[in-house]
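Worksheet for the structure shown next.
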2 protein chains.
Amino acid sequence: MALRHAVLAALLDEELSGYQLTKAFDLGVANFWHAQPQQLYAELTRLEQDGLVTGREVVQDNRPNKRLFRVTDAGLAELEHFTALAAKPSFIRDDLLVKVQAADHVDTETLIARLTERSAFAQAKIDLFGRLLHTMRGDRTEEEFLRHGERIGPYLTCLRGLAFEHGNRDWCERAAAVLRERQGAHVRN
Amino acid sequence: MALRHAVLAALLDEELSGYQLTKAFDLGVANFWHAQPQQLYAELTRLEQDGLVTGREVVQDNRPNKRLFRVTDAGLAELEHFTALAAKPSFIRDDLLVKVQAADHVDTETLIARLTERSAFAQAKIDLFGRLLHTMRGDRTEEEFLRHGERIGPYLTCLRGLAFEHGNRDWCERAAAVLRERQGAHVRN
DNA sequence: TGTTACATGTAAATCGTTACATGATTGA
DNA sequence: TCAATCATGTAACGATTTACATGTAACA
């Protein structure tokens, strides 16, 4: 049950509503956890029942009212406890890799199309993460920020997300290139 | 429902029993999908019911009898169809990243311990994947193998797994180094 | 004699995705 | 007026994990 800890970790920096959390989980938080809005609303309810977060109603004029949540001391203690446990290894589960595993048995054109799509997706995330990192460190260099910054957790996780997407993009390009070359060679023979 | 396609892809090269599949999903196949033995046995049963694989009983003297499965033509067509669909983006869901996200709020020593554990785990997989790749390409160079090898799908997915674990190891080392340096600076102040 | 590997499952619980549902406001 | 954004859910289904269950044979 790590979704609850992901939510707690995401709420450490600021009070957020369920809706804002879903936005966060679409952007930066997606570097370390991914979840649907429905999961987040449900988890917030449970976390509040368990006293790990507290919500306060914020009345708004123009927009629907919302509830902002922040982590309680009990929530912080729960995170501390969670950190002390051995982390489970993180496994890859990727549709695209399944398709590439079958590369020699399925249509090459189709596979190259999938790789190209994924590569573009990865590039978009690379750009996004680059901007996020820049926002976090301001005009400091990365070294300087990591040495003396006040809040480096989100920066470090974003670095992992960036490296992951670099890995995705580079691998997609390489695999597509290999398939294209083999296709060419086959046609010429 | 991509587990079924992962199983089909894993069975492309050789007839395997459920037990052998669980071993494969512990090793190479874990580069593109991860699953528990219970899932695999259940999925094999469903796949056979749906006619996508066929099993044959192999009577053994010393060991319990086993059933070896291979992909049928219908199974191959299903894989082809699956490949034509847009691949879902693959998201990270990682305990360890949740812990690092909370870095500035939890105990640093503990976090460094988790990062060190993960780094060692990643290194072990790097070694394993290096050996697997070498086995697949034999005495050919990688370039040569990828150009003319007869079965490159598993090689390409293993390359992705290798890059992923390199990313894991390098990031863990970096994050641990950053935390250690900040800890040292704090103690001296 | 005890542990590991071989071999295959069932059942319960938890987690995650997809579909459905509602309603206001802002901006094009 | 139509789409997008804000705001929050319920219900059904599918996927995954964990616990329980069984038995033989090889090896140290």
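Chain identifiers are assigned alphabetically (A, B, ...) following the order of the sequence lines, protein sequences preceding nucleic acid strands; residue numbering begins at 1 within each chain.
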Polar side-chain atom of A/R160 near backbone of B/W171 as donor-acceptor pair, under 3.5 Å:
no
Can you check whether B/R93 has a side-chain N or O nearer than 4.0 Å to OP1 or OP2 of C/dT17?
yes
Counting just side-chain N and O atoms, does A/Q36 come under 4.0 Å of either OP1 or OP2 of C/dT17?
yes
To the closest 0.5 Å, what do you measure between [atom1] ([X]) and [atom2] ([Y])?
X: A/N31; Y: B/F91; atom1: CG; atom2: CZ; value: 11.0 Å
X: A/Q101; Y: B/R151; atom1: CD; atom2: CZ; value: 5.5 Å
X: A/N168; Y: A/F164; atom1: CG; atom2: CZ; value: 4.5 Å

Does the side chain of B/S119 pick up a donor-acceptor pair with the side chain of B/E173 at under 3.5 Å?
yes
Send over the distance from [X] [atom1] to [N] [atom2], rounded to a whole Å.
X: A/L40; N: C/dG16; atom1: CG; atom2: P; value: 10 Å
X: B/Q39; N: C/dT10; atom1: CD; atom2: P; value: 14 Å
X: B/F69; N: C/dA7; atom1: CZ; atom2: C1'; value: 12 Å
X: A/M1; N: C/dA13; atom1: CE; atom2: P; value: 14 Å
X: B/E48; N: C/dG9; atom1: CD; atom2: C1'; value: 15 Å
X: B/E57; N: C/dA7; atom1: CD; atom2: C1'; value: 11 Å
X: A/E43; N: D/dT10; atom1: CD; atom2: C1'; value: 16 Å

Give me, pair by pair, the N or O atoms of the protein and of nucleotides 4-7 of chain D that are less than 3.5 Å apart, along with how far apart they are.
unit_1 : atom_1 : unit_2 : atom_2 : d
D/dC6  : OP2    : A/Y19  : OH     : 2.7
D/dC6  : O4'    : A/R63  : NH1    : 3.3
D/dA7  : OP1    : A/Q60  : OE1    : 3.2
D/dA7  : OP1    : A/Q60  : NE2    : 2.4

Linking I/L/V/M/F/W/Y whenever their side-chain heavy atoms sit closer than 4.5 Å, directly or via other members, would B/L133 and B/I152 fall into one cluster?
yes
Could you tell me whether B/R67 and B/E48 make a salt bridge, using a distance below 4.0 angstrom between a side-chain N and a carboxylate O?
yes
Toward the 5' end of DNA chain C, which comes first, B/A42 or A/D61, by nearest nucleotide?
B/A42
B/K88 or B/Q38: which one's nearest nucleotide on DNA chain C is closer to the 5' end?
B/Q38
Using the closest heavy atom to pick a nucleotide of DNA chain D for each, name whichever of B/A35 or B/N62 lands nearer the 5' end.
B/A35
Under 4.0 Å, counting only non-hydrogen atoms across every strand here, what does B/R4 touch: a base, just sugar-phosphate, or nothing?
nothing
